[in-house]
Amino acid sequence: MDFKRRNGGPVMGGASQAKRGKTTDDWEDNPSQFEEELSMFDDMEMDMEEMEGQAGHDVIPVGDLFSADLNPRWKRPHAPMLNSSSDTLVFQQIDLDYYLGPSVAGMPGQSQANVPIIRMFGVTDSGNSVCCHVHGFAPYFYVPAPNGFKPDYLGEFKRELNSVVLKDMRSNKDNISITVLAVDITRKESMYGYHGQRSLDFLRITMAMPRLIAPAKRLLEQGFKFGHYPIQNYQAYEANIDFEIRFMVDSDVVGCCWIELPKGKYRVSLCQYEVDVGWTDLISHPAEGDWQRIAPLRVLSFDIECAGRKGIFPEPDKDPVIQIASMVQRQGETEPFIRTVFTLQPCASIVGSQIFCFTQEKQLLQSWAEFLRTVDPDIITGYNIQNFDFPYLLNRAAALKVTYFPYLGRMRGKRSVLRESSFQSKQMGRRENKTINMEGRVQFDLLQVLLRDYKLRSYTLNAVSFHFLQEQKEDVQHSIITDLQNGNEQTRRRLAVYCLKDAYLPLRLLQKLMCVINYMEMARVTGVPLTYLLSRGQQIKVVSQLLRQAMKQDLVMPVVKTEIGEDYTGATVIEPEKGYYSLPIATLDFSSLYPSIMMAHNLCYTTLLQKGSAEKLGLSSEDFIKTPTGDQFVKSSVRKGLLPEILENLLAARKRAKAELKSETDPFKKQVLDGRQLALKISANSVYGFTGAQVGKLPCLEISQSVTGFGRQMIERTKQLVESKYTISNGCDADAKVIYGDTDSVMVKLGVATVKEAMDIGREAAAWVSSHFTPPIKLEFEKVYYPYLLINKKRYAGLYFSSSADTHDKMDCKGIETVRRDNCPLVANLINTCLQKILIDRDPQGAVGHAKEVISDLLCNRIDISQLVITKELTRTAQEYAGKQAHVELAERIRSTCWRTTFPSTHSTTWSSSLRQHSPLPVWRGVLSVTRSL
DNA sequence: GTAGAGGCCTAA
DNA sequence: TGAGTTAGGCCTCTAC
């Protein structure tokens, strides 16, 4: 059962990375390899270049930079004229936001003052960019109508609410005269709790602007009086929904879907397809069949270099930007079609890329901004661009007074502003984040993606590239960048190659990890804009799905105030029978345990019976169930829950995606489908977490504790069933024994000698146990461990047999030092080798011998320092010292970190005697004791 | 010396 | 104004 990891600690990246230790350099690649790759691009494009008149212009004088003839490919393809009365406009929407602007004549909605206008950015099949203004959609929320409310009262309610909201405003800079646009009466039902499917009258309150929702809600909650009704508190529903999500849910738009504007229903206003449309006129296509395709998006990756002073972290008000490398690639293609470096001072040419040299830094920045606006990318990537490159560029441009730099978005005249937000939370620690508005472009910082989705020991671009691509950065020490800049054309050329590669690697990684595709599929599946996936958490995705499902049944979501109560009981971990097993151990798992529990027992907000409800509603005991925690839910025969419905859709869609994946031959479509099935799985697993999030949009501990309660019961039952059936008295070779289990899995010692037998019995047992549970709950045989070393709860290792009974797939290690990132490589490697000797070679004495050898190497100072360093700690230390010229102190600090993590509780000067006395490294001690006991 | 709290990271 | 859950091992630090 997997949950997504939390974000890691502070990280340095981009231009600020520390170089790796010496011994890890043996995989250093030849710098010319990347240059060869670059020149290959050039060869392939030769013909095209000649036609476009670009050949022979490797180093281009600045004055000609934006000559249309010189760089025709920078621009998007020509956009044919659009006739709104005869053409439909179809585009893939990739970003969606809203702004306040003057109403447009002929468009629906309010005609006075500023109105909220939804804006969708996208790309057509032919690669033309689209900005679509959607008019006439207004924000709203609900409150239950007071007793005896009649339609006649609507006017008075509206007038009074409008007046108190106006009065509440401290300033009225937009000169709003009408805050409440409409109040309507409508039949709705609260989704929280089952109350006999009784629809009630709700007031739907439509406000003039999204930011008026919060005050209106507050005033109604605190006590509101109108007409002859006494003052009264109103509970608000759906008043905490982002305006974008509200619009998307209501118009059935999901993230990255295709939008069609029928002919005659929109109007063209400006440049490459800037159009206006009424919100009810647009057609949103579900991401199915042909509508799963992805437009030829432009992805720009860039990297900057700064000339910092010796030992000091570059500061934008002092240190110049000397180079900016950019690569642009169309989504779906394999190579970048634009490769440029903007340099300060002359630079020798690099085959396969254009170099633009500037004498003035101001001009360099200005030109790069123009380059970006010309290329008009849909997605901007790079490594740590969000917290380093973009802020640095913006600050530097401000310091140099480059007036036209900070307009990086797609809206003409809209300034890009840097905002620093730091929030503290107990879980995440202090976290500083910078954001820059760039309307219509998705900032897809690869570092942020990796931090969210991958658990890695180190997040430097170098380490990450090696991990995923077996490739490295160009070898340029961070400390010599300034010297290279101050050298000659050739040294600056070396720097430019380095810079180009740093722009290229993120593109390669993006492609290899299929980030864009996977994120798009996630946006489509969960219905949120692409940008939300990187800037927001998990909850919004569930909210989006919940609202969509609820709307179909006229259910509304209450706004609940968060009050943190006590934690609830989670899963059971079966007490392990620790030891070394030289027999096959079969592992049986409940697949998607928590989602299947919610489906099997119809657990949902809408099916929850609150205390006393069963009696009040006259339900018989046949109508509802009592969960292990004593909570009550009506059965699906009474009402089917929203959550089970969502989960069924997700899992059914996943099945379809997997089936399509099997029959699909096109590799690109295959990738899309794989991304889809992954997104569907992750989405299903996060529904449970949402109900248990006490600081959340709609926590419901009755659901989450019932889920874990069922889980506890099931794992216990599984143990009993297996141990009662597979016994000697039932004709088996031995009595089966569950030696360990955690949450949704049991490890069974069946007493058989071969992997094959363990697999066969395991499969049979899983099927038999499954029959004792309500579908879709299913226990599956997953793998055999042979041999198996069970060290403790959540700590074990074994050879993993799944695909074949003859050869193991891998050595699987859980929770042990080898997989933990708070240990130095020496420890991880030592333990890993010991485990290999124990499990693969079956040579415990060899393991002991190896451990002794390593210890002795350590004592004799034969271990390289890089083996003793925890990259995370090192990074943190380096960051603390960044900007301070404290090399000696830093080195000392690193040394002590090494000692501390290698010899816990031991001071470096006393380790020798300490080692003998206390046997340091409890981990090692653990291994030694295990090996000794064999 | 040891008990307990707190930090970190993992399993699921 | 945004944040999915609990269980649990093992380390360090502190108080006694």
Side-chain angles (χ1 to χ4, degrees), chain A residues 1-9 211 213-214 217-218 239-242 421-429 431 433 435 452 455 457 532 535-543 559 561-562 564 566-576 578 587 589-594 682-701 703-705 707-709 711-712 715 740-746 782 791-796 812-823 827 870 872-873 876 900-906 918 920-923 925-926:
Chain A
M1 174 158 279
D2 41 33
F3 283 100
K4 286 268 99 181
R5 60 174 290 271
R6 292 197 303 276
N7 288 350
R211 69 174 157 84
I213 296 264
K217 164 193 169 257
R218 175 167 43 81
N240 54 352
I241 310 299
D242 300 282
S421 63
S422 75
F423 72 79
Q424 262 176 312
S425 82
K426 274 175 196 159
Q427 291 257 307
M428 306 262 238
R431 196 154 243 274
N433 249 326
T435 51
R452 266 180 189 257
K455 290 189 298 184
R457 280 209 145 75
Y532 275 38
S535 64
R536 307 273 296 264
Q538 306 292 326
Q539 296 212 34
I540 188 67
K541 298 195 274 190
V542 183
V543 169
V559 179
K561 51 179 183 288
T562 55
I564 41 163
E566 280 182 14
D567 289 351
Y568 60 91
T569 314
T572 299
V573 183
I574 295 173
E575 194 58 45
K578 299 173 205 172
T587 303
D589 285 50
F590 285 103
S591 57
S592 307
L593 177 68
Y594 287 175
I682 295 171
S683 296
N685 280 334
S686 59
V687 172
Y688 152 77
F690 177 78
T691 66
Q694 299 202 31
V695 187
K697 278 258 158 69
L698 196 61
C700 182
L701 266 40
I703 296 174
S704 29
Q705 70 185 6
V707 169
T708 57
R712 290 193 297 276
I715 198 168
Y740 180 57
D742 185 346
T743 312
D744 61 353
S745 65
V746 285
E782 199 175 76
I791 298 170
N792 212 334
K793 280 183 176 176
K794 301 191 190 284
R795 289 168 69 85
Y796 61 82
D812 205 19
C813 299
K814 291 293 162 70
I816 303 172
E817 277 60 26
T818 51
V819 298
R820 290 182 66 95
R821 296 175 299 168
D822 52 358
N823 285 96
V827 173
I870 298 177
K872 280 203 133 176
E873 291 237 6
R876 203 164 306 168
R900 191 157 52 75
T901 57
T902 317
F903 294 110
S905 319
T906 313
H918 312 299
L921 274 183
V923 185
R925 205 193 306 145

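In what follows, every chain begins at residue 1, and chains take the letters A, B, ... in the order their sequences are listed.
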Pick base, sugar-phosphate or nothing for [X], based on heavy-atom distances below 4.0 Å to the nucleic acid.
| X | answer |
| --- | --- |
| A:V707 | nothing |
| A:T569 | sugar-phosphate |
| A:K814 | sugar-phosphate |
| A:Y532 | nothing |

Rounded off to whole Å, could you give me the [atom1]-to-[atom2] distance for the [X] and [N] pair?
| X | N | atom1 | atom2 | answer |
| --- | --- | --- | --- | --- |
| A:I703 | C:dT5 | CD1 | P | 15 Å |
| A:D567 | C:dG4 | CG | P | 16 Å |
| A:D822 | C:dC11 | CG | C1' | 8 Å |
| A:E575 | B:dA11 | CD | P | 19 Å |
| A:R536 | C:dG4 | CZ | C1' | 14 Å |
| A:I791 | B:dA11 | CD1 | C1' | 14 Å |
| A:D812 | B:dT10 | CG | C1' | 14 Å |
| A:Q694 | C:dT6 | CD | C1' | 11 Å |

Does [X] make a side-chain N or O approach to OP1 or OP2 of [N] shorter than 4.0 Å?
| X | N | value |
| --- | --- | --- |
| A:K455 | B:dA11 | yes |
| A:K794 | C:dG9 | no |
| A:R795 | B:dA11 | no |
| A:N685 | C:dG4 | no |

### Short side-chain to backbone donor-acceptor contact, A:R795 and A:G815, under 3.5 Å
yes
### Task
Could you tell me whether a side-chain N or O of A:Q539 sits under 3.5 Å from a main-chain N or O of A:K697, the two making a donor and an acceptor?
yes
### Distance, C1' atom - from C:dG4 to B:dA12, rounded to whole angstrom
14 Å
Nucleotide nearest [X] (side chain, heavy atoms from C-beta), chosen from [options]:
| X | options | answer |
| --- | --- | --- |
| A:T743 | C:dA7, B:dC9, B:dA12 | B:dA12 |
| A:R820 | B:dT10, C:dC10, C:dG4 | B:dT10 |
| A:Y796 | B:dA12, C:dG9, B:dT10 | B:dA12 |
| A:Y568 | C:dT5, C:dC10, C:dG8 | C:dT5 |
| A:D744 | B:dA12, C:dT5, C:dC10 | B:dA12 |

### Contact nearer the 5' end of DNA chain C, comparing A:V695 with A:G570
A:V695
### Task
Determine whether any donor atom in the side chain of A:R821 lies under 3.5 Å from an acceptor atom in the base of B:dC9, or the reverse, and answer yes or no.
no
### Message
Could you go through A:V695 and A:I564, starting from their C-alpha distance and side-chain angles, then the distance that decides it, and tell me whether this counts as side chain to side chain contact (heavy atoms under 4.5 Å, CB included)?
### Response
CA-CA 7 Å; A:V695 187; A:I564 41 163; 3.7 Å; yes
#### Entry: Partners passing side chain to side chain donor-acceptor pair (under 3.5 Å) against A:D242 (at least two apart in sequence or in another chain)
A:R536
### Query
Does A:F690 have any ring-ring contact (aromatic ring centres under 6.0 Å, His included) partners at least two apart in sequence or in another chain, and if so, which?
none
### Task
Give me the one residue out of A:V707, A:L698, A:I703, A:V542 that meets side-chain contact (heavy atoms from CB on, under 4.5 Å) with A:T691.
A:I703
